[in-house]
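This report concerns only the one structure given below.
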Amino acid sequence: MWIITACSRVPRAASRKAVKSSSAYFVGRHMRGLWLKIWIASEVVSWARSNTFSRPPLVETWAPISMSDDPQTDSPFRVRFAPSPTGALHIGGARTALYNWLQARHQGGELVLRIEDTDRERSTPDNVEQILDALGWLELDWEEGPLSQAARAERHREAVEQLLEGGAAYRDPAMADDVRAWKERHGKQRGYRGEPSDDETAAVRLRMPDGGDTVVDDLIRGEVRFPNANADDFVIARGDGSVLYNFAVAVDDADMGITDVIRGDDHLSNTPKQLLVMEALGVEPPRYAHLPLLHGPDGKKLSKRHGAASVQELRDAGYLPAAVRNYLALLGWGTDDDTTIMSTQELVERFDVGDVGTSSAIFDEQKLRWLNGRFMREMPLEEYTEAVARHLGREPDEALRAACAIVQDKAQTLDEVWPLISFLFAEPEYDPKAWKKVMKDSAMTLLTDARAALEGAEPFDAETIEATLAPVLAEHDVKPGKLYQPIRVAISGGTVSPGIFESLAALGKSASLQRIQRALDEGSAVST
RNA sequence: GGCCCCGUGGUCUAGCGGUAAAGAUUCCGGCUUUUCAAGCCGUGAGACGCCGGUUCGAGUCCGGUCGGGGCUACCA
């Protein structure tokens with residue numbers, strides 16, 4: 001008899017009142033393989049206790065906020081992120097990493113990074129590097145790791161041996177075709193059961209119970225039960241002794257003292273297998289939380305086909321890590337009061353994996369853009385300049401800083417910044433369409449007067465420039481746009497730029513006058 | 001095929017049997033006597049997959065059905 005401790009799903013309404021219910025139940029197994037379940041629900045947490053752990057004011061830092069209220073679990077809170085390095089870290093993986101990180105920080109626990117590299121075909125050092133790079137960019141850190149799962153092969157073999165000796169597992173030479181044939185004979189819904197063999201080169205299978213259900217008490221989905229009769233005796237170790245995923249994961253999670261497994265929904269169906277492995281090993285399983293999967297705009301599983309599918313692509317597209325974290329956190333989770341924009345600290349304080357929703361979400365870049373724009377605008381100029389510099393591969397010098405100052409409230413992504421300020425760093429090319437649209441003959445007259453007026457503008461700052469240009473406007477009795485647009489084209493080459501006064505000031509007096517003169521020259525050249 | 005998960009405006013969330021289903025984003029219109037954005041405003045547009053059942057009353061509970069997804073490897 002062994003015990004599963006599990007924390008039942010905490011209803012939102014309850015958590016809102018800061019009352020957390022908890023329950024533990026025992027799952028025992030009859031000799032025949034019947035599962036017995038005794039529900040021992042208990043409202044362990046009284047008001048007194050909930051007061052002890054009530055949420056601190058928002059200013060408080062990342063101290064443990066809500067401690068695990070499961071009396072069975074005194075071990076420190078420990079989660080893990082366990083990606084398999086078979087490619088770049090995509091958005092779904094990034095969200096899983098973030099949720100693990102947030103929960104670890106929220107609980108004041110630890111995060112372990114474990115690389116699931118037992119697939120020797122597909123796992124490459126380069127992919128590991130990419131994952132580390134992505135996590136680094138997202139500014140997610142961890143207490144332990146990166147640990148290599150492949151490096152633990154010896155321990156895995158040992159565990160297989162243990163099960164073989166105890167009779168929980170057996171050697172079976174059957175191959176995939178044999179299993180299929182067996183199922184043809186016994187009915188599709190019957191789980192495969194093999195014949196033990198002495199063949200030392202045969203794969204090792206775990207014996208599944210013939211009756212009852214294996215229950216996963218998921219923090220997000222509640223109780224999910226899987227009929228044992230339906231499950232195959234599955235292979236835990238290959239003929240050569242190397243182990244398979246569902247076995248390695250169970251052994252590692254147990255060995256590493258993981259208390260909570262937060263991972264994608266695609267692992268929900270694997271969980272009963274892992275639970276059974278742990279039971280055979282005689283260890284206590286962790287709590288589980290299976291996150292709904294993320295999908296692309298077409299509703300299909302996220303893949304390279306969809307725009308920015310990897311973290312690297314997000315970075316290259318000019319998004320801010322803080323904005324990406326905020327957006328990802330909101331994909332599947334929300335606050336009770338509809339708050340959308342949150343600092344990372346606020347995320348840590350408010351996030352609770354038990355509040356994550358059950359339905360899959362679609363990655364929507366439009367909302368990310370909006371959110372990113374909000375973060376961009378609220379950044380201190382210093383920080384903004386550095387982010388822009390890093391993105392452009394330039395130095396965050398005075399010139400860039402000045403350019404950033406006039407463009408900060410206009411761009412939604414880092415990528416949009418350069419086109420708006422490049423005219424400050426190089427002589428612009430006139431955009432033919434822009435020229436044709438605004439540089440009419442009347443515009444040339446206005447430009448001539450504006451240039452003359454600007455010569456007297458001192459100091460050459462936005463305020464003075466505006467005041468200097470006002471009389472020109474009045475004199476010709478035209479709408480502001482009639483004057484400003486030609487100036488804009490003259491100094492920036494196009495019809496879109498930051499505010500015209502700020503742009504002139506940032507360019508400087510001599511360059512501004514010189515460019516207006518150039519436009520004038522070009523204008524007269526065209527008309528003659 | 002078998003087992004499992006999911007289904008509220010285009011998208012993300014709220015809604016926990018009882019006022020005209022709420023917020024965010026998006027789109028549309030307007031304002032900001034400088035472009036493009038941003039911002040602000042709007043009694044603007046847009047949703048409970050479908051069918052039954054329980055109930056005085058269902059987006060909310062039950063059954064079925066359809067749709068999407070996952071697992072079903074000596075992959076992870």
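This is a predicted model, so every value here is computed, not measured. Chain naming here is simple, since letters A, B, ... match the order of the sequence lines and numbering starts at 1 in each.
When the C1' atom is used for both B/G70 and B/U13, the distance is 23 Å, rounded to whole Å. Taking the P atoms as reference points, B/G15 lies 13 Å from B/C61, given to the whole Å. Distance check on atom C1': B/A73 versus B/C66 gives 31 Å, rounded to whole Å. Only the C1' atoms considered, B/U19 is 30 Å distant from B/C27, to the nearest whole Å. For the P atoms, the distance linking B/U25 with B/G39 amounts to 8 Å, nearest Å. When the C1' atom is used for both B/G29 and B/G49, the distance is 32 Å, rounded to whole Å. Of the P atoms belonging to B/G69 and B/U32, the separation is 49 Å, rounded to the nearest Å. Between the P atoms of B/U34 and B/A21, the separation comes to 43 Å (whole Å).
Taking the six-membered ring for Trp, A/His90 and A/Phe363 have ring centres at least 6.0 Å apart.
For the pair A/Arg374 and B/U25, the criterion of a side-chain N or O lying under 4.0 Å from OP1 or OP2 is not met. For A/Arg238 and B/C75, the shortest distance from a side-chain N or O to OP1 or OP2 is below 4.0 Å. Dashed line: the shortest gap from a side-chain N or O of A/Thr118 to OP1 or OP2 of B/A76 is under 4.0 Å.
The backbone N or O of A/Pro498 sits less than 3.5 Å from a side-chain atom of A/Arg488, completing a donor-acceptor pair.
Taking atom CD1 on A/Ile236 and atom P on B/A76, their separation rounds to 13 Å, with Å as the unit. Between the CH2 atom of A/Trp370 and the P atom of B/C12 there is a distance of 16 Å, given to the nearest Å. Counting to the nearest Å, the P atom of B/G7 and the CG atom of A/Leu293 are 14 Å from each other.
When distances are taken from the side chain of A/Ile362 to each of B/G69, B/A24, B/U11, the shortest belongs to B/U11. Among the nucleotides B/U25, B/A76, B/G39, the one closest to any side-chain atom of A/Lys367 is B/U25. Closest contact between the side chain of A/Phe226 and the listed nucleotides B/C36, B/C4, B/A24 involves B/C4. The listed nucleotides are B/C74, B/G7, B/A76; the one nearest the side chain of A/Ser84 is B/A76.
For B/U25, its base never sits under 3.5 Å from the side chain of A/Arg369 at any donor and acceptor pair. Side-chain atoms of A/Ser269 come within donor-acceptor range of the base of B/G70, with a qualifying N/O pair under 3.5 Å.
B/G9 is unpaired under the Watson-Crick or G-U wobble criterion, no partner having all donor-acceptor distances under 3.5 Å. In this structure B/U60 sits in no base pair that meets the Watson-Crick or G-U test at under 3.5 Å.
With salt bridges taken as basic N to acidic carboxylate O contacts below 4.0 Å, one links A/Arg350 and A/Glu346. Using a cutoff of 4.0 Å between basic side-chain nitrogens and carboxylate oxygens, A/Arg152 and A/Glu154 are not scored as salt-bridged. Between A/Asp217 and A/Arg225, no side-chain nitrogen of the basic residue sits less than 4.0 Å from a carboxylate oxygen of the acidic one, so the salt-bridge criterion is not met.
Heavy-atom nearest nucleotides on RNA chain B were determined for A/Arg377 and for A/Val235, and the one closer to the 5' end corresponds to A/Arg377. Projected onto RNA chain B by closest heavy-atom contact, A/Leu473 and A/Val224 fall at different nucleotides, the more 5' of which corresponds to A/Val224.
To the nearest 0.5 Å, the span separating CE on A/Met376 from OG1 on A/Thr413 amounts to 6.0 Å.
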